[in-house]
Protein chains: 2
Amino acid sequence: MPKQYHCPVELAVDIIGGAWRPVILAHLKEGVHRYGELRRRMPGISEKMLIQRLRELEAEGLVARHDHKTVPPRVDYHLTDEGASLAPVLQALYDWGVGRAERTKTTIDWPVTDRRTAPKEGTPVAE
Amino acid sequence: MPKQYHCPVELAVDIIGGAWRPVILAHLKEGVHRYGELRRRMPGISEKMLIQRLRELEAEGLVARHDHKTVPPRVDYHLTDEGASLAPVLQALYDWGVGRAERTKTTIDWPVTDRRTAPKEGTPVAE
DNA sequence: CGGCATCCAAGGTGATACTG
DNA sequence: CAGTATCACCTTGGATGCCG
């Protein structure tokens, strides 16, 4: 008997919960793909944790990994269809975070200053 | 310097993240108020955890506690305005959980037989 | 009924060093 | 650049028992 959920929210949290999974997914949703880029966007996470979470998300089928097999190494991650289905959740989290920051006078210390917080279309990041 | 967030999602997760906080909030959003009722809806959580999370949510201003000071004891919890502002997040989590359960053939073992989180007081859940 | 305190085990997590 | 490996800590969380 694997696990018993008593509410859909329990199931959701079990899969996308944790301190970093939603953040990773949110970044990927916004078009950040490369491993190094993810690291730069998340200064608070350790290498080990990032890799660990990425592997978990991969195993859960939310994220796919693509190794370009080049030198120097180049690997990028992208949301699968299943991962993309989380868009409403991630967007809601993002929006609420913005509002909460304003209400509590909390500042967000963006690691990057310029673009790439909300690419609307394609993926100019990699490629 | 309290904490540095590098993304609104980090902030959001820091406050409503964890295995149980979203579940508690979701139940409260649906009209479950009494402590004992929450426990029945969440068979997987221990007393300690439930109280601990409720206290945290209270401290964060998302939930308010009301002690009726009667015998036998009666205490109920309800979302504050700030807590209610999480509705989109909670709804998105719930919806995604339902879809994920279907896609992965996972069954939800509702602690209550009839409808989803209906309050005893007859407050319409507003579906 | 609602809640708190204590003990104790598990594993999440960071620092550091190394590799192809 | 993109990882992997190891060590040691330290929080998280379950179980139990008691109280107003």
Side-chain angles (χ1 to χ4, degrees), chain A residues 1 3-6 10 13-24 27-28 32-60 63-78 111-112 125-127, chain B residues 1-6 10 13-24 27-28 32-60 63-78 111 119-121:
Chain A
M1 186 162 146
K3 236 176 202 182
Q4 273 291 25
Y5 300 107
H6 306 91
E10 283 185 22
V13 168
D14 192 41
I15 295 175
I16 66 157
W20 295 111
R21 272 186 284 243
V23 182
I24 295 172
H27 280 303
L28 291 181
V32 178
H33 297 306
R34 292 195 61 171
Y35 175 80
E37 180 73 352
L38 281 173
R39 287 199 57 190
R40 278 190 292 281
R41 304 269 171 182
M42 304 164 64
I45 193 175
S46 68
E47 259 182 34
K48 183 176 133 190
M49 286 304 105
L50 178 53
I51 280 294
Q52 218 170 78
R53 299 299 159 244
L54 281 170
R55 295 279 178 276
E56 291 169 1
L57 293 172
E58 220 188 321
E60 284 151 1
V63 164
R65 192 186 110 112
H66 177 42
D67 190 338
H68 290 250
K69 296 181 182 11
T70 57
V71 178
R74 173 174 179 164
V75 177
D76 50 41
Y77 297 87
H78 62 90
V112 280
V125 167
E127 288 83 53
Chain B
M1 191 159 121
K3 237 178 200 178
Q4 272 293 24
Y5 300 109
H6 306 91
E10 283 185 21
V13 168
D14 191 42
I15 295 175
I16 66 158
W20 295 112
R21 271 185 286 241
V23 182
I24 295 173
H27 281 304
L28 291 181
V32 179
H33 297 307
R34 292 198 60 172
Y35 175 81
E37 181 73 353
L38 280 173
R39 288 199 54 188
R40 277 190 293 280
R41 304 270 173 182
M42 305 165 64
I45 194 175
S46 68
E47 253 182 39
K48 183 175 131 186
M49 286 304 104
L50 179 52
I51 280 294
Q52 219 169 78
R53 299 299 158 246
L54 282 171
R55 294 283 177 272
E56 291 169 359
L57 293 172
E58 220 187 321
E60 285 152 0
V63 165
R65 192 186 109 113
H66 178 43
D67 189 339
H68 290 249
K69 297 178 180 14
T70 57
V71 179
R74 171 171 180 166
V75 176
D76 49 41
Y77 297 86
H78 62 90
K120 229 193 274 202
E121 289 83 27

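Computation of the quantities below employed the complete heavy-atom set of this structure, encompassing side-chain atoms and omitting hydrogens, waters and symmetry-equivalent molecules. Labels below follow one simple rule: chain letters A, B, ... track the order of the sequence lines, proteins then strands, and each chain is numbered from 1.
When the P atom of C/dG2 is taken as reference, atom CD1 of B/Ile24 falls 15 Å away, rounded to whole Å. Distance, B/Arg40 CZ to C/dG2 P: 8 Å, rounded to whole Å. Atom CE of B/Met42 is separated from atom C1' of C/dG2 by 16 Å (rounded to the nearest Å). As a whole-Å value, the separation of A/Glu47 CD from C/dA15 C1' is 11 Å. Atom-to-atom, NZ of A/Lys48 to P of C/dA17 comes out at 15 Å; the value is rounded to the nearest Å. B/His33 places its NE2 atom 17 Å from the C1' atom of C/dG2, with the value rounded to the nearest Å.
A donor-acceptor contact closer than 3.5 angstrom links the side chains of B/Asp14 and B/Tyr5.
Only B/Ile51, B/Arg55, listed by number, bring a heavy atom of residues 50-60 of chain B to less than 4.0 angstrom from any atom of DNA chain C.
Think of the region where chain A sits on DNA chain D: with heavy atoms and a 4.0 Å cut, that region ends 5' and 3' at D/dC1 to D/dC7.
Comparing C/dG20, C/dG2, C/dG14 by their nearest atom to the side chain of A/Pro73 picks out C/dG20.
Atoms OH and CZ, from A/Tyr35 and A/Arg65 in turn, are 10.5 Å apart once rounded to the nearest 0.5 Å. Interatomic distance, B/Ile24 CD1 to B/Leu50 CG, rounded to the nearest 0.5 Å: 5.0 Å. The line from CZ of B/Arg74 to NE2 of B/His66 is 8.5 Å long, rounded to the nearest 0.5 Å. Atom-to-atom distance recorded for B/His27:NE2 and A/His6:NE2 is 10.0 Å, nearest 0.5 angstrom.
Closest heavy-atom contact between B/Leu28 and B/Val32: CD2-O, 2.9 Å.
For the pair B/Glu60/B/Arg21, a side-chain contact is recorded, criterion being any heavy-atom separation below 4.5 Å from C-beta on. Two residues are said to be in side-chain contact when any heavy atoms from C-beta on lie closer than 4.5 Å; B/Val75 and B/Arg34 fail this criterion.
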